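A quick write-up on the structure given underneath.
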2 protein chains.
Amino acid sequence: MTRGAAHKGGGEKAVAQICTECVVRDQSLCGSLTDSELTTLNSIGRSRRLGRGETLVWAGDDAVVCANLLSGVLKLSASTADGREQIVGLLYPADFVGRPFAEEAEHSITALTEVELCVFPRKGFEAALENHVHLERLLLRRTLAALDEARARMLMLGRKTAEEKVASFLLDMADHLARNAPPCRTEFELPLTRSQIADVLGLTIETVSRQLTKLKRDGLIDLPSGRQVAIRNRVALKLRAEAA
Amino acid sequence: MTRGAAHKGGGEKAVAQICTECVVRDQSLCGSLTDSELTTLNSIGRSRRLGRGETLVWAGDDAVVCANLLSGVLKLSASTADGREQIVGLLYPADFVGRPFAEEAEHSITALTEVELCVFPRKGFEAALENHVHLERLLLRRTLAALDEARARMLMLGRKTAEEKVASFLLDMADHLARNAPPCRTEFELPLTRSQIADVLGLTIETVSRQLTKLKRDGLIDLPSGRQVAIRNRVALKLRAEAA
DNA sequence: CGGTGGCTTGACTGGTCTCAATAGATGTGG
DNA sequence: CCACATCTATTGAGACCAGTCAAGCCACCG
């Protein structure tokens, strides 16, 4: 590595030619870039790690960075003035992180697990967008998809019952985690605490807990230990998730 | 008008050079296009009207069109399998309508008032996006903004009480309608029925009605007649809307 | 007129929240 | 190893907010 060597305390290091060994390169924004485009990003990107619970951006702060998520799970959250929190999005490996063209961050971005990121200064990333049509095009596709997802979540928040919310949450989570795990895993470890699940679903921690034990009592899932979940009857679980 | 003349029953007509007299040209996507870009859109755009209650696109249908909204208000809605509905977005004049790059529509698009649109075939619009970087750039900005708004609405749906929901809805509505009306109007006509307001807020029609009469009883608003609303005490109303 | 659709209001139900106690899990230090 | 603190999760009892069901009002219209 020619310009390698970590030079900031916070676990940053030059990405350099590292893209070639990037785990999520094919699925991430970078996936279909030309060499010249990749070089641009390459030169401004830095790898960074966050521990569970660490926050990359606080809502209201200057939005300084964008990033690609390499591994781990991030939450995007908003809060009311009196402290009620709502998780407005979950980000998984290969997802794009951040909000180009906004001076101020609307949401906090926090690590739910150990996380690896490929971070770009926002201004630099915006410049790359301007200069590389292809990159902009890909980001537009992703943003449109994220918008669809956000709206699907609005239907869930506004119209689903607690049981439906918890059931669909489990199915969602299984899908996302299965993507990077051995195929067809129906057993996985939740990256969220009960309280965070509650913040995703617009419920309280107690209601989440009760719905989970109910699903377990009914034999649809198993809860071997705190964070472990095993889906026993996917079809029935889908039925309880209702909705489209 | 050289190629003017309506030629489809459904209220469509050639847009032709009409852009020059477009009411929302400055605020819409078209606002900062070059002449050449405008000409491209111009040649594929057609003006179209919808009556209150008419639906432009049904969820699940092929997504055939995109459009700019010239006047009126549209709702974007999603439904559960058993018919519960959630309005996931409201569109106002100058807003962009539709979902490029998706074969199938995720949401229904329905007119809440009389509506005028400048409609483009989706494929043609996508081609214009590919050929005109500038247009793509503007759409990206708008989509990012729409995503922020969707997420703000998630906080509302998941964490606000009925009173907070109704209060913030009224403030939102006042802002949007004031934009195109005489300055500082605190009195306006709701483009939505109670039942539609309920669908926006994730409530029932009865709860919306009760919250409205409560706000009236407390002197924060007035309800001269069904759809008319007058904000009497904006500050107090903002307090009830809580949240950030 | 009676019918229809939108809106309000009341009485009641019930799902979710609140408050509180208990049980596990994890880690620290003696 | 155990005692202890801390954090997370479960469970129960009761309260309350919002939903459900039902009746009635009003404006509009054939």
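Letters A, B, ... mirror the listed sequences (proteins, then strands); counts begin at 1. Computed from a predicted model, the values in this text were never measured in an experiment.
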Is there a side-chain polar atom (N or O) of [X] under 4.0 Å from OP1 or OP2 of [N]?
| X | N | value |
| --- | --- | --- |
| A:Ser209 | D:dA9 | no |
| B:Thr207 | D:dA18 | no |
| A:Thr213 | D:dT11 | yes |
| A:Ser225 | C:dG24 | no |

In whole Å, I'd like the distance from the [atom1] atom of [X] to the [atom2] atom of [N].
| X | N | atom1 | atom2 | value |
| --- | --- | --- | --- | --- |
| B:Gln228 | C:dT8 | CD | C1' | 18 Å |
| A:Glu189 | D:dT8 | CD | C1' | 14 Å |
| A:Gln196 | D:dT8 | CD | C1' | 11 Å |
| A:Leu203 | D:dA9 | CG | C1' | 16 Å |
| A:Arg194 | C:dA23 | CZ | P | 19 Å |
| A:Ile205 | C:dC17 | CD1 | C1' | 13 Å |
| A:Lys160 | D:dG19 | NZ | P | 18 Å |
| B:Lys216 | C:dT8 | NZ | P | 8 Å |

- request: Look at the side chain of B:Arg159 and the backbone N and O of A:Gly83, then say whether any donor-acceptor pair between them is shorter than 3.5 Å.
  value: no
- request: Determine, stepwise, if the pair A:Glu164 / B:Arg84 fulfils salt bridge (Lys or Arg N to Asp or Glu O under 4.0 Å).
  value: CA-CA 13 Å; A:Glu164 290 167 338; B:Arg84 286 168 281 175; 2.8 Å; yes
Has the side chain of [X] got a donor or acceptor that lies under 3.5 Å from a partner of the other kind on the base of [N]?
| X | N | answer |
| --- | --- | --- |
| A:Glu206 | C:dC19 | yes |
| B:Arg210 | D:dT20 | yes |
| B:Gln211 | D:dC17 | no |

- request: Take A:Lys75 and A:Asp95, measure what salt bridge (Lys or Arg N to Asp or Glu O under 4.0 Å) needs, and give me the verdict at the end.
  value: CA-CA 12 Å; A:Lys75 72 169 182 179; A:Asp95 280 352; over 6 Å; no
A:Gly226 or B:Thr161, whichever maps to the more 5' nucleotide of DNA chain D: A:Gly226
- prompt: When you match A:Ala162 and B:Leu223 each to their closest nucleotide on DNA chain C, which lands nearer the 5' end?
  reply: B:Leu223
Salt-bridge contact A:Arg99-A:Glu106 (side-chain N to carboxylate O under 4.0 Å): no
message: What I want to find out is whether B:Arg210 reaches B:Glu206 closely enough, with some N-O distance under 4.0 Å, to be called a salt bridge.
response: no
